[in-house]
There are 2 protein chains.
Amino acid sequence: MKYSIQTISKVLGIPPSTLRYYDKEGLLPFVEKTSAGVRQFKDADIEWLLTIECLKQCGMKISDIAKYISLCEKGNSTINERYLMLQNLERNINEQIKFLKNSKKRIDFKLWFYQKLVETDGNFMAETNESYSFRNDAVDYIEKLHKIAENKNKAE
Amino acid sequence: MKYSIQTISKVLGIPPSTLRYYDKEGLLPFVEKTSAGVRQFKDADIEWLLTIECLKQCGMKISDIAKYISLCEKGNSTINERYLMLQNLERNINEQIKFLKNSKKRIDFKLWFYQKLVETDGNFMAETNESYSFRNDAVDYIEKLHKIAENKNKAE
DNA sequence: TTAAAAGTTGAAGTATACTTTAAGTTAATC
DNA sequence: GATTAACTTAAAGTATACTTCAACTTTTAA
């Protein structure tokens, strides 16, 4: 089964221009072309395209995806290098998840605070030691700033 | 306590050029300036900067952060609009977390597969119905593609 | 077989988020 | 008081990931 760039575009929801761009950047070395230069996608290419979309959405740069794909093309001798790349990506994913979960709590705090403000007609004050407000984190930085200011005074 | 752009930059790890860029884009309307035009950061600004960094890292665009900050500046009458913005951001965060968690399992599958390949000296074949491999997802798309191909044949 | 539809490349254009540079002003230090 | 360090703005430049355009070729279909 062979598919045109249009068909692949519609089914996977990736614009033809993007597929051509990917090809130009070396992300699609597996896609075959007719002697006239027309791309002919095949069933097996779908798995590659899904992998590319996953890696991209996880934050991998196009140039790094190109590198990963080229390693795949080189065969089993590159498994170790590919393993390290994916391991590194996974660490990034873990960090992203951790950060997002924490941020979610902060946003939740703000949402809760806004709701309280509405309920009390603007007369609500959150406890300063409320976890996940930004104020507590700010305090740490402000301390650092005060120390810097102190040192400047000493120097004079 | 007043701090220079340098000091703030060092303590928060944001380059002065970025802080100036933020200011230009309307993210720092709260930062005061001397009559000569020199920015004078104060303790209270830290909380704002932390909020900005959080929103940015959660995927909010600079222009949207500017809009949010400007709503904050307008006072309590804009709480509803701010609430909706943060609620929307939270939905995005939830989607991101969901996607990343799923992707993590896929990457894990690939890592496991690479390990098996190394252990078996390249003679390992994963079960096709292994969850979180990309092959299973690909099958769904390939089915769609086959249906499209069928319809084309019918039309001839 | 011929016109329209779809494909191709290469180059330029767009969006986003900065960074760098240039030219000048202000603040701090000797 | 002068030199230097730090600050300012405006504009141009960079990186990334595409999209759009122009000019042309190939395929498809009447």
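Naming: A, B, ... by sequence-line order, numbering from 1 per chain.
Side-chain N or O atoms of B:Gln96 include none that pairs as donor or acceptor with a backbone N or O of A:Gln96 at under 3.5 Å. Side-chain atoms of B:Asp45 come within 3.5 Å of backbone atoms of B:Lys42 as a donor-acceptor pair (strictly under, hydrogens ignored). Using modelled atom types, no side-chain atom of B:Thr78 and backbone atom of B:Glu81 make a donor-acceptor pair closer than 3.5 Å.
Taking atom CZ of B:Arg39 as the reference point, atom P of C:dT25 lies 17 Å away to the nearest angstrom. As rounded to whole Å, 13 Å separates atom P of D:dA5 from atom NZ of B:Lys10. The nearest whole Å value for the distance from the NZ atom in B:Lys24 to the P atom in C:dT19 is 12 Å. For A:Gln6 and C:dA5, the CD to P distance is 13 Å, given to the nearest whole Å. For B:Arg20 and C:dT21, the CZ to P distance is 14 Å, given to the nearest whole Å. Rounded to an integer number of Å, the gap from A:Tyr21 OH to C:dA12 P is 17 Å. Whole-Å rounding puts the B:Asp64 CG to C:dT16 C1' distance at 12 Å. Atoms CD1 (A:Ile52) and P (D:dA17) sit 13 Å apart, rounded to a whole Å.
Of the side-chain N and O atoms in B:Lys33, one or more sit less than 4.0 angstrom from OP1 or OP2 of D:dT9. Put simply, B:Lys2 has no side-chain N or O that comes within less than 4.0 Å of OP1 or OP2 on C:dA27. The phosphate of C:dT16 has neither OP1 nor OP2 within less than 4.0 Å of any side-chain N or O from B:Ser63. Contact between the side-chain N/O atoms of A:Ser4 and the OP1/OP2 oxygens of C:dG7 is found at a separation under 4.0 Å.
When distances run from any side-chain atom of A:Lys56 to the nucleotides D:dA17, D:dC18, C:dA17, the shortest one goes to D:dC18. Closest contact between the side chain of A:Tyr22 and the listed nucleotides D:dC18, D:dT27, D:dA17 involves D:dC18. Among D:dT8, D:dT27, D:dT19, the nucleotide with an atom closest to any side-chain atom of A:Ser17 is D:dT19.
Between A:Trp48 and A:Phe41, the ring center distance fails the sub-6.0 Å criterion.
Across all strands shown, A:Pro15 has heavy atoms under 4.0 Å from sugar-phosphate atoms exclusively, and none from any base.
B:Val118 is not listed as a side-chain neighbour of A:Asn80, based on a closest heavy-atom distance of 4.5 Å or more.
Comparing B:Ile62 and B:Ala36 by the nucleotide of DNA chain C that holds the closest heavy atom to each, the one mapping nearer the 5' end is B:Ile62.
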